[in-house]
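Below is one structure; the comments refer to it alone.
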Amino acid sequence: MGTAERIRTGRVRAGMSARQVAERLGLNDAWYQDLEQNDAELAATLTLFQAIELASLLSVRLQDLLGADSSTVESIALLELPSRIEAQVAQQGISMQEFEEQIGWGLEEFLQSPIRVAAELPIAFLQDLAAALGIHWFALIPEGTQPG
């Protein structure tokens with residue numbers, strides 16, 4: 001079962017309409033329908049916090065919604081990432097601009113306000129950044145985001 005099917009199945013199990021979930025996430029109906037039809041859509045379009053909210057609405061963990069085992073992944077706070085980025089840049093002996101080119105995303109605002117930027121950019125940003133830092137992006141999912 002893929003991510004889209006887990007979202008659809010979870011929504012039905014939760015007794016919610018697609019429109020209700022879309023409204024709770026601040027999405028239009030078509031955007032939400034994409035989540036239930038395309039496995040890659042969640043990471044490509046939702047922010048980490050929207051994805052956590054979706055998982056909460058469906059009474060599952062985000063990791064479970066994505067169908068991955070994260071039991072061995074140690075949590076890393078978003079606020080730790082700027083220092084990890086700076087250390088990676090120093091270790092590689094490259095400029096911040098070169099690192100940004102490697103990952104395909106600008107980092108200036110993220111370095112100043114990682115939580116705000118993580119709330120604005122899609123999960124794909126965190127996936128690309130985590131890969132460049134040699135960590136699994138699931139490590140960036142805040143602890144305590146169990147179903148509620």
Side-chain angles (χ1 to χ4, degrees), residues 1-86 88-89 96-97 99-148:
M1 179 183 307
T3 300
E5 188 175 345
R6 278 190 289 278
I7 292 170
R8 185 174 41 260
T9 300
R11 175 185 56 77
V12 170
R13 189 178 316 124
M16 299 179 76
S17 71
R19 174 163 283 181
Q20 287 172 313
V21 176
E23 287 175 359
R24 291 283 301 268
L25 297 176
L27 306 176
N28 66 43
D29 292 343
W31 191 359
Y32 178 78
Q33 287 301 320
D34 288 345
L35 291 174
E36 290 194 2
Q37 296 173 6
N38 182 339
D39 289 340
E41 200 67 25
L42 186 143
T45 60
L46 292 188
T47 69
L48 175 61
F49 303 110
Q50 284 174 311
I52 290 168
E53 175 66 13
L54 173 60
S56 177
L57 289 171
L58 305 181
S59 298
V60 298
R61 297 179 322 136
L62 178 55
Q63 298 91 324
D64 297 331
L65 191 59
L66 295 166
D69 177 21
S70 63
S71 58
T72 60
V73 178
E74 186 175 330
S75 184
I76 299 171
L78 289 171
L79 292 174
E80 289 180 36
L81 289 181
S83 62
R84 286 179 179 248
I85 292 167
E86 291 166 359
Q88 183 78 10
V89 166
M96 188 62 70
Q97 182 178 355
F99 186 72
E100 289 173 332
E101 289 171 8
Q102 280 180 12
I103 67 167
W105 298 89
L107 293 172
E108 183 177 347
E109 289 184 36
F110 183 78
L111 292 170
Q112 296 172 5
S113 185
I115 294 174
R116 181 183 57 79
V117 173
E120 296 171 352
L121 292 178
I123 289 173
F125 163 74
L126 294 175
Q127 289 174 325
D128 293 341
L129 178 57
L133 295 174
I135 58 177
H136 195 291
W137 84 269
F138 283 168
L140 305 177
I141 298 172
E143 291 183 8
T145 55
Q146 302 304 316

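Side chains included, hydrogens not; waters and symmetry mates left out as well; all remaining heavy atoms used.
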Under the side chain to side chain contact (heavy atoms under 4.5 Å, CB included) rule, what do Leu140 and Leu129 come out as? Steps first, then yes or no, please. CA-CA 11 Å; Leu140 305 177; Leu129 178 57; 5.8 Å; no
Check Ala22 against Asn28 and note the closest heavy-atom contact, atom names and distance. CB-O, 4.1 Å
Identify the heavy atoms of Val21 and Leu57 that sit nearest to each other, and give their distance. CG1-CD1, 4.2 Å
Mind checking salt bridge (Lys or Arg N to Asp or Glu O under 4.0 Å) for Arg24 and listing every partner two or more places apart, or none if nothing turns up? Glu53
Can you establish whether the number of heavy atoms outside Gln97 located under 6.0 Å from its atom CD is more than 12? no
Do you know which two heavy atoms are closest between Ala118 and Thr47, and how far apart they sit? O-CB, 3.8 Å
Ring pair (Phe, Tyr, Trp, His ring centres under 6.0 Å) contacts touching residues 1-35 (sequence neighbours left out): none
Which residues share a salt bridge (Lys or Arg N to Asp or Glu O under 4.0 Å) with Arg11, sequence neighbours left out: Glu36
Output yes when a side-chain donor or acceptor of Arg6 lies under 3.5 Å from a complementary backbone atom of Met1, and no otherwise. yes
Across all chains, not counting sequence neighbours, the ring-ring contact (aromatic ring centres under 6.0 Å, His included) partners of Phe99 are none
For Gly106 and Phe125 the tightest heavy-atom approach is O-CE1, 4.3 Å
With heavy-atom distances below 4.5 Å as the criterion, would you say the side chains of Trp105 and Val117 are in contact? no
Apply the side chain to side chain contact (heavy atoms under 4.5 Å, CB included) test between Phe138 and each candidate in Glu74, Gln127, Gln63; give the one that qualifies. Gln63
If you measure from CG on Leu58 to OG1 on Thr9, what distance do you get to the nearest 0.5 Å? 10.0 Å
CG-CG distance between Leu54 and Leu65, expressed to the nearest 0.5 angstrom: 5.5 Å
CG on Leu46 to CG on Leu35, rounded to 0.5 Å: 5.0 Å
Closest non-hydrogen atom pair, Ser75 against Ile141: OG-O, 3.9 Å
Is the closest side-chain heavy-atom distance between Arg84 and Gln88 below 4.5 Å? no
In chain order, what residues pass the salt bridge (Lys or Arg N to Asp or Glu O under 4.0 Å) check against Glu100, with sequence neighbours excluded? none
For Asp29, what residues pass the side chain to side chain donor-acceptor pair (under 3.5 Å) criterion, not counting sequence neighbours? Arg19
Taking C-beta and beyond as the side chain, do Ile7 and Glu41 meet within less than 4.5 Å on heavy atoms? no
Side chains of Ile135 and Leu81: does their closest heavy-atom pair fall under 4.5 Å? yes
Spatial distance of atom CG (Asp128) from atom CG (Leu133) [nearest 0.5 Å]: 11.0 Å
Heavy atoms from other residues, nucleotides or ligands near CD of Gln20 exceed 12 (cutoff 6.0 Å): yes
Is Glu108 close to Met96 at the side-chain level, that is, under 4.5 Å between some pair of heavy atoms? no
Could you tell me the separation between the CD1 atom of Ile52 and the CG atom of Leu25, rounded to the nearest 0.5 Å? 12.0 Å
Tell me the closest heavy-atom pair linking Ile76 and Glu80, and the distance in Å. CG2-OE1, 3.8 Å
So Asp34 and Thr45, do their side chains get closer than 4.5 Å, heavy atoms only? no
Separation between CZ (Arg61) and CG (Leu66), nearest 0.5 Å, reads 10.5 Å
